[in-house]
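Let me begin by presenting the structure, written as structure tokens, before commenting on it.
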Amino acid sequence: MIEVKGLVKTYGNKRAVDGITFTVKRGEILGFLGPNGAGKSTTMKMITGFIRPDAGTATVGGIDVAVDPVGVKRQLGYLPESAPAYPEMTVEEFLRFIAEIRGFRATSEKHARVEHVLGLTHLASVRAQTIETLSKGYKQRVGFAQALIHNPPALVLDEPTDGLDPNQKNEVRTLIRSMAAEKAVILSTHILEEVEAICTRVIIIASGRIVADETPSALRARQPGARLDEIFRALTT
Amino acid sequence: MSQIRPLFKREFLGYFRSPVAYVFLIAFLLISVSLAFSRYGNFFKAGTASLETYFLFFPWLFMFIVPAVGMRLWSEEKRSGTVELLFTLPVTTLEAVLGKFLAGWAFLTLAVLLSFPMALTVAFLGDPDWGIIASTYLGAILMAGAYLGVCALTSALTKNQVISFVLSLAACAMLVFLGLSSFTTTLESFLPVGIADVVSNFSFVTHFDAFTKGIVDPKDVAFFLSLIGFTLFLNVVALER
């Protein structure tokens, strides 16, 4: 579903992403791991067509993002880091806007979509509140709702559980797992347990390169008995 | 292009979701009307049933007030990070640029049209030439679009709204001053008259004046429309860079 080949992005004289290659099939949840500044967000931004790679290709559902960016954007649900949204809009207004721009123009259809994601992400209680008045957890859920509204075949989530309390984290993980069967999901995270909890595969990147690409159990088997963060540290330093 | 509609709607209603719209509309009407009645405008002393003294100040007023509308168009999105959301939705850069620009233009048009009670006042006091009033409104709306095109462009260049405002102000001021007689005389003193003429032709004042006299010259309409087109094109380029 999502195919990335030799992606490169350079900022100034720093290679943020240095030849990253991987594929994600339907039904897979790929955990994207790495220290801050390793190139996780940059890679995701290139897949979603927000920034252009200096070299390499990214395709989603067989469409090259450099050739038909809008075609790729139609198939993707994307939760950018820190879930940006228009602060002066209410949750409902915002989701209606997203639904409209995602092509659900008929009032009934738009309404059904918005109600569906409001239910999925437990936002019904704050639907009439403006987004600027929401707490971080709710804002994150608005971003999540926005990414799910068109039931996309591919999901790219940049730190979906960032800023959530343990209960909310658990809820989001359950939600991701419940949808994963028919979707290709990439999620980035700092939390190693999260990878074990929901990911079917894990990629660790450091300084823009992939240093591990395997199942969470294979990662654990690298150093039997060691804690995950020790393995992580050994790979990324 | 069907994507322009939701973008337009969000942006246009966005003005009214914050106090921006109300502050802007009230300030605009208050300043424009008081300028007309002031001793510089001489609305009453002029003794004619026309809006000429009212619209006289529009190029100057727009110079300050359009950047206030335009500066947020892109700077705000860049600062708050929503630009990443916007450009990962299935819209092209051109659609986004057009949706935002048209929303801003519609808002400015609303502001200009809200001055219509001035026209009614004139009609009550005398017998104005409605043709001139209509052409003046057309000119004011076109000029507002051209100002906004410039401001949208400068807004796309920075995520800092203050820089955006100052840049817009400078660019708009240039486009106004080019047409002042004192400025053109200075130009003519060291440039051939032909070139000085070309330069002063880029002034908003020169092109707007004809409208206030009831002349709708296709050349003036083309000037404003092509300036809008050109700035929007640069706007797309600036965002895609």
Side-chain angles (χ1 to χ4, degrees), chain A residues 41-42 44-52 60 63 65-66 68-90 93-105 110 130-132 139 142-147 149-150 152 154-158, chain B residues 1-24 68-69 71-100 102-104 107 155-156 159 161 236-241:
Chain A
S41 290
T42 309
M44 290 183 149
K45 283 179 180 149
M46 287 192 278
I47 297 171
T48 54
F50 182 60
I51 54 177
R52 243 171 277 151
V60 178
I63 303 171
V65 69
D68 180 10
V70 172
V72 165
K73 287 165 188 177
R74 253 185 225 120
Q75 302 198 53
L76 270 180
Y78 176 42
L79 171 67
E81 197 176 353
S82 71
Y86 296 105
E88 74 282 359
M89 292 177 110
T90 68
E93 281 167 350
F94 176 68
L95 292 176
R96 281 211 189 119
F97 161 67
I98 300 286
E100 248 173 72
I101 217 155
R102 287 287 186 188
F104 305 108
R105 295 287 158 86
K110 191 165 66 184
T130 55
I131 292 170
E132 61 196 342
K139 260 184 207 162
V142 171
F144 207 46
Q146 161 277 123
I149 207 155
H150 53 306
L155 270 179
V156 176
L157 310 170
D158 202 347
Chain B
M1 286 293 133
S2 66
Q3 296 293 65
I4 293 176
R5 214 181 59 143
L7 290 169
F8 173 88
K9 205 169 91 182
R10 194 207 70 74
E11 189 73 31
F12 185 75
L13 294 178
Y15 287 106
F16 296 93
R17 287 195 180 106
S18 65
V20 173
Y22 306 101
V23 171
F24 178 89
V69 172
M71 68 178 183
R72 59 189 286 280
L73 281 180
W74 294 107
S75 309
E76 176 81 10
E77 298 251 2
K78 285 187 175 180
R79 195 189 49 78
S80 70
T82 45
V83 68
E84 188 170 354
L85 179 81
L86 179 62
F87 285 122
T88 49
L89 290 169
V91 294
T92 61
T93 313
L94 179 65
E95 285 167 340
V97 165
L98 284 175
K100 273 179 173 288
L102 290 174
F107 180 70
S155 173
K159 62 177 165 190
Q161 292 208 22
V236 172
V237 172
L239 287 167
E240 281 191 345
R241 140 191 87 110

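Bear in mind the structure is a predicted one, so any value in this text is a computation, not a measurement.
- Under the 4.5 Å side-chain criterion, counting only non-hydrogen atoms from C-beta, B/R10 is not in contact with A/E93.
- The structure places CZ of A/F97 at 9.0 Å from CD of B/E11, a figure rounded to the nearest 0.5 Å.
- In this structure, chain B has a heavy atom under 4.5 Å from the side chain of A/I98, while its backbone stays farther away.
- Both the backbone and the side chain of B/L7 come within contact range of chain A, with heavy atoms under 4.5 Å apart.
- For residues 73-81 of chain B, heavy-atom neighbours of chain A at less than 4.5 Å comprise B/E77, B/S80, B/G81, sorted by residue number.
- Looking at A/R52, only its side chain comes within 4.5 Å of chain B, counting heavy atoms on both sides.
- Side-chain contact between A/V70 and B/T92: present, with at least one pair of heavy atoms (C-beta onward) separated by less than 4.5 Å.
- By the 4.0 Å N-to-carboxylate-O rule, A/E100 lies close enough to B/K9 to be salt-bridged with it.
- Between B/S2 and A/R105, the closest heavy-atom pair is O-NH1, 3.3 Å.
- Between A/R102 and B/T88, the closest heavy-atom pair is NH2-O, 3.8 Å.
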Output a table of donor-acceptor pairs, distance under 3.5 Å, between side-chain atoms of residues 77-85 of chain A and any protein atom two or more places apart or on a different chain; print 'none' if there are none.
unit_1, atom_1, unit_2, atom_2, d
A/Y78, OH, B/E84, OE2, 2.4
A/E81, OE1, A/S41, OG, 3.1

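- Proximity of a side-chain donor or acceptor of B/Q3 to a complementary backbone N or O of A/I101 within less than 3.5 Å is detected.
- Although no hydrogens or angles enter the test, the distance criterion places a donor-acceptor pair under 3.5 Å between the side chain of A/K73 and the main chain of B/F87.
- Distance check: A/E132 CD to B/S18 OG gives 9.0 Å after rounding to the nearest 0.5 Å.
- Contact detail for B/L86 and A/Y86: the closest heavy-atom pair is CB-OH, 4.0 Å.
- A distance of 7.0 Å separates OG1 in A/T90 from CZ in B/R17, rounded to the nearest 0.5 Å.
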